[in-house]
Amino acid sequence: MSMNVAYKGPADCPTEIPVFPLPGALLLPRGQMPLNIFEPRYLAMVDDALRTDRVIGMIQPDSDSRETPLAPKLFRVGCAGRVTQFAETGDGRYLISLTGIARFRIEEEVSTAAGYRRCKVTFAPFESDFHARAGEDAVDRAGVLKALRDFVEANDLKVDWAGIEEAPNEALVNALCMMSPFGPREKQAMLEAPDLKTRAEVLIAVTEMELVRGAGGEPTLQ
């Protein structure tokens, strides 16, 4: 497959990809995720990806699973990214950046001797991911910004409000979801939201629950 392939739809994407299980890591379409790679099996995974289509699937282990820590059960939905930046350090690590392509659903895990995990996947349920800024007009931007302001004030944080005000709705919602400090279940709910509008609603709801929790309540994401 060409290094310069354009992923315009599910049919353009590979049907078998390496997957990188990482709790709390959320990649979304067109988002940027920096990664520091140091384990030998994942160094091998990056080497293999660079030799082929540069695609790596980010996915979370299911923390509720009773399977072994070395081979945890995976959530069924992840997001594929393409290696768009690569650097090798003097101590043998790789510093890479993935750019999100689209979400995928695992169909089955593939047996491999590569040391890392590979899965057969389908991108078909997430056709809208290939269309930049799809559904932006339906996003409750005011609600997203209010939740962000409340969270920033409650936690005494500093943010680039000028940059936030200029960001389109897709970039704003996806970046806030990816950078959010919430747990794996909350991140998975954001990932699996059917559209941008719903993802924004999940982000608002989770942020409001966290604010209540910080004020002494104990809400949980159902």
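What's counted below: heavy atoms across the whole structure, side chains too, no hydrogens, waters or symmetry copies.
- Separating the CD atom in Gln188 from the CZ atom in Arg76 is a distance of 11.5 Å, to the nearest 0.5 Å.
- Applying ring pair (Phe, Tyr, Trp, His ring centres under 6.0 Å) to Tyr42 and the options Tyr116, Phe20, Tyr94 leaves one that passes, Phe20.
- Between atom CG of residue Asp140 and atom CD1 of residue Ile204 there is a gap of 4.5 Å, rounded to the nearest 0.5 Å.
- For the pair Tyr7 and Phe123, the minimum side-chain heavy-atom distance is 4.5 Å or more.
- Note: the hydrophobic cluster containing Leu50 does not contain Phe38 (ILVMFWY, side chain heavy atoms under 4.5 Å, direct or indirect links).
- Judged by distance alone, with hydrogens and angles left aside, the side-chain atoms of Glu108 form no donor-acceptor pair with the main-chain N or O of Lys120 at under 3.5 Å.
- With contacts defined as side-chain heavy-atom distances shorter than 4.5 Å, the pair Glu165/Leu145 qualifies.
- Of all non-hydrogen atoms in Asn174 and Pro29, the two that sit nearest each other are ND2-O, 3.6 Å.
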| request: Take Val55 and Cys13, measure what side-chain contact (heavy atoms from CB on, under 4.5 Å) needs, and give me the verdict at the end. | output: CA-CA 9 Å; Val55 173; Cys13 296; over 6 Å; no
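- Of all heavy-atom pairs spanning Ile17 and Gly57, the tightest one is CD1-CA, 3.8 Å.
- Under the 4.5 Å side-chain heavy-atom criterion for Ile, Leu, Val, Met, Phe, Trp and Tyr, Leu27 and Phe75 are members of distinct hydrophobic clusters.
- Closest approach of Arg103 to Glu192, counting heavy atoms only: NH1-C, 3.9 Å.
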| task | Would you please test Thr207 and Asp150 for side-chain contact (heavy atoms from CB on, under 4.5 Å) and show each step? | result | CA-CA 9 Å; Thr207 302; Asp150 291 345; over 6 Å; no
| After noting the C-alpha distance and the side-chain angles of Val121 and Thr15, does the key distance pass the side-chain contact (heavy atoms from CB on, under 4.5 Å) rule? | CA-CA 5 Å; Val121 302; Thr15 56; 5.9 Å; no
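- Atoms CG and CD1, from Leu22 and Ile59 in turn, are 11.5 Å apart once rounded to the nearest 0.5 Å.
- The minimum heavy-atom distance between Leu191 and Arg199, with the atom names listed, is O-NH2, 3.8 Å.
- The main-chain N or O of Ala102 is never found under 3.5 Å from a side-chain atom of Asp129 such that the two would form a donor-acceptor pair.
- Side chains of Val139 and Leu172 form no contact here, defined as non-hydrogen atoms less than 4.5 Å apart.
- For Lys187 (side chain) and Gly24 (main-chain N/O), a donor-acceptor pair under 3.5 Å exists by modelled atom type.
- Side-chain contact check for Asp48 versus Pro18: every heavy-atom pair is 4.5 Å or farther apart.
- Distance CZ/Arg118 to CD/Glu109: 11.0 Å, rounded to 0.5 Å.
- You'll find the side chain of Arg54 stays beyond 4.5 Å of the side chain of Phe86, heavy atoms only.
- Closest non-hydrogen pair, Gly81 versus Ile101, comes out as C-CD1, 4.0 Å.
- Taken to the nearest 0.5 Å, the CZ atom of Arg141 stands 5.0 Å off from the CG atom of Asn169.
- In summary, Arg51 and Asp47 do not engage in a salt bridge, as defined by a charged side-chain N under 4.0 Å from a carboxylate O.
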| Leu148 and Trp161: CA distance, side-chain angles, deciding distance, side-chain contact (heavy atoms from CB on, under 4.5 Å) verdict | CA-CA 10 Å; Leu148 176 60; Trp161 286 111; 3.8 Å; yes
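- Side chain of Gln85 to backbone of Ser97: no donor-acceptor contact under 3.5 angstrom is found.
- A 4.5 Å side-chain heavy-atom check between Phe151 and Val159 finds every atom pair outside the cut-off.
- Separating the OG atom in Ser180 from the CE atom in Met190 is a distance of 4.0 Å, to the nearest 0.5 Å.
- At least one side-chain heavy atom of Pro10 sits under 4.5 Å from a side-chain heavy atom of Phe130.
- Crowding of Asn36 atom CG: a count of heavy atoms from other residues, nucleotides or ligands under 6.0 Å exceeding 12.
- Clustering ILVMFWY residues whenever any of their side-chain heavy atoms sit less than 4.5 angstrom apart, transitively, puts Leu74 in a cluster other than the one holding Val110.
- You'll find the side chain of Cys79 stays beyond 4.5 Å of the side chain of Met33, heavy atoms only.
- A salt bridge between Lys197 and Glu201 is present, with a side-chain N of the basic residue lying under 4.0 Å from a carboxylate O of the acidic one.
- Of all heavy-atom pairs spanning Gln32 and Thr99, the tightest one is NE2-OG1, 2.9 Å.
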